[in-house]
Amino acid sequence: LQFCVVETFALGDLVYLTAFLYGLRAVAPRARIRLVTGLAGAAFAFPEDLRVEVTAAHWPWVNVDWWRRPLQSARAIFRARRTLEPVGGSWVGLDPRGDIRHRYLLRRLGVRNVVQDGTRPRTLARLLGQSDRHVLEDRQQYLDATCRALGVGNPSTLRWPWANGNGVAGHEDRRVILAPEAGARLREWPQERWIQLSQELRSRGWKTELVVHDLSWEGFDLAAAFDSVFAGSVRELSERLRGAAFVIAVDSFVGHYAAAHGISVLSLFGPTLVARWKPWGRNHIVLQHDGYACRPCLQVRCVQPETSCMKTIALSEILDLLRRMPGTTAGASGT
């Protein structure tokens, strides 16, 4: 068997796709698996035991509101036509997200046999890869559909966490990772509050490590506010997660990646749907305020910036919730 899997979106999507790939490998251990992905796929550290061939390219569409920009979407399609070269041989196309753009890419690759999940309603939302269920539940259902369509083994339960587990006890077991950056600015908590959060945690005996990539921290003395700052690769982040006690993150790749390692996560959610994107697994806590009819949000700028769903999250709420998280009461006073 030869599987051509398509997932062209962000790093967080690749975290849950990896669980799907482990399930696929379990039912077809000798299959050839090729993954067509976006630039995020080139940076992502796919585990070597998956034996996945990664083809990464730039797909200039975005996942939010793309159909309202027809000229940009048309340019993306024509650019994709120039980029793709058909694959030779007999391939089975897999689109776990269920996105019409992914179906187009598979057709351009010459893959005609594409598995479809017949249990999904054929609505506009489904054509755009949207769902009311959690993303991992969607991936599980698609693996079940793949097994039924091809008669490949018995459906397996997706491996989670897939990155071989819990924080390592030792001299770093009181280190907390803080992840303030998200793929969209509306999902981020004000930077000065991360400074305040770090100060509170350090006063309680924790060591704080800030994960940075895109945000500008000019005007902030990071060396004074945090015990360490991390700006490395995904593979290096994996190593840092294994030594952490827990993670505090916005709805972002780092939070999902930590969950894939079995690390407890306190997630700050604003404009996105918790039921769809909360970190999967036990021992995680999500903090989100109700009363926002604009959720899920498709805006570039918040329509109520002074009372946005992220700004209303208070530092005191986070500190109160930390008392309920596994591993946060030992070794540090006041938590």
Side-chain angles (χ1 to χ4, degrees), residues 1-59 61 63 80 83-120 126-131 134-153 155-160 162-163 234 253 256-257 260 280:
L1 283 172
Q2 297 186 116
F3 294 109
C4 184
V5 186
V6 180
E7 176 54 79
T8 63
F9 291 99
L11 285 169
D13 299 283
L14 298 179
V15 171
Y16 294 102
L17 178 70
T18 301
F20 170 83
L21 294 175
Y22 268 118
L24 184 64
R25 180 58 73 193
V27 299
R30 293 185 295 275
R32 181 183 181 186
I33 302 177
R34 174 178 291 180
L35 174 62
V36 178
T37 183
L39 294 181
F44 191 74
F46 287 100
E48 294 182 0
D49 60 333
L50 280 177
R51 306 191 308 280
V52 176
E53 306 168 17
V54 179
T55 300
H58 175 56
W59 312 115
W61 47 58
N63 197 28
T83 301
L84 293 174
E85 295 182 4
V87 296
S90 178
W91 292 82
V92 176
L94 299 181
D95 173 25
R97 173 185 286 270
D99 193 294
I100 191 172
R101 291 160 290 181
H102 289 171
R103 301 298 176 88
Y104 170 78
L105 294 182
L106 286 167
R107 180 171 292 275
R108 291 300 306 168
L109 287 166
V111 179
R112 304 298 180 186
N113 182 15
V114 179
V115 173
Q116 298 189 33
D117 182 359
T119 65
R120 294 176 173 179
R126 285 305 326 167
L127 289 175
L128 301 176
Q130 300 173 9
S131 172
H134 192 275
V135 60
L136 193 70
E137 294 176 323
D138 269 346
R139 302 303 179 262
Q140 178 70 67
Q141 182 166 311
Y142 190 75
L143 178 63
D144 296 345
T146 300
C147 293
R148 289 194 301 269
L150 302 179
V152 179
S156 64
T157 301
L158 297 190
R159 176 173 164 182
W160 193 270
W162 55 257
V234 172
F253 160 70
H256 298 298
Y257 201 42
W280 188 260

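Numbers here simply count residues along the sequence, with the first being 1.
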Query - Donor-acceptor side-chain pairing of Y22 and D49 below 3.5 angstrom - result: yes

Query raised in the report: Parallel, tilted or perpendicular: which describes the rings of Y142 and F20, with under 30° parallel and over 60° perpendicular?
Result: tilted

Query raised in the report: With under 30° as parallel and over 60° as perpendicular, where do the rings of F46 and F44 fit, or are they tilted in between?
Result: perpendicular

Requested in this report: Please step through side-chain contact (heavy atoms from CB on, under 4.5 Å) for the pair I33 and L50, ending with a clear verdict.
Outcome: CA-CA 9 Å; I33 302 177; L50 280 177; over 6 Å; no

Query raised in the report: Does any N or O in the side chain of D13 come within less than 3.5 Å of the main-chain N or O of L17, such that one atom is a donor and the other an acceptor?
Result: no

Query - Evaluation steps, side-chain contact (heavy atoms from CB on, under 4.5 Å), between V5 and V52 - result: CA-CA 10 Å; V5 186; V52 176; over 6 Å; no

Query raised in the report: Any sub-3.5 Å donor-acceptor pair from E53's side-chain atoms to V36's backbone N or O?
Result: no

Report task. Spell out, as yes or no, whether a donor-acceptor pair under 3.5 Å connects the side chain of T37 to the backbone of E7. Result -> yes

Query - Verdict with reasoning, L109 to W91, per side-chain contact (heavy atoms from CB on, under 4.5 Å) - result: CA-CA 10 Å; L109 287 166; W91 292 82; over 6 Å; no

Report summary line: Result for side-chain contact (heavy atoms from CB on, under 4.5 Å) between Y104 and one of R107, H102, R108 points to R108

Report task. Ignoring hydrogens and angles, tell me if any N or O in the side chain of R97 forms a donor-acceptor pair with the backbone of V135 under 3.5 Å. Result -> no

Report task. Answer yes or no: is there a donor N or O on one side and an acceptor on the other, between the side chain of R139 and the main chain of T18, under 3.5 Å? Result -> no

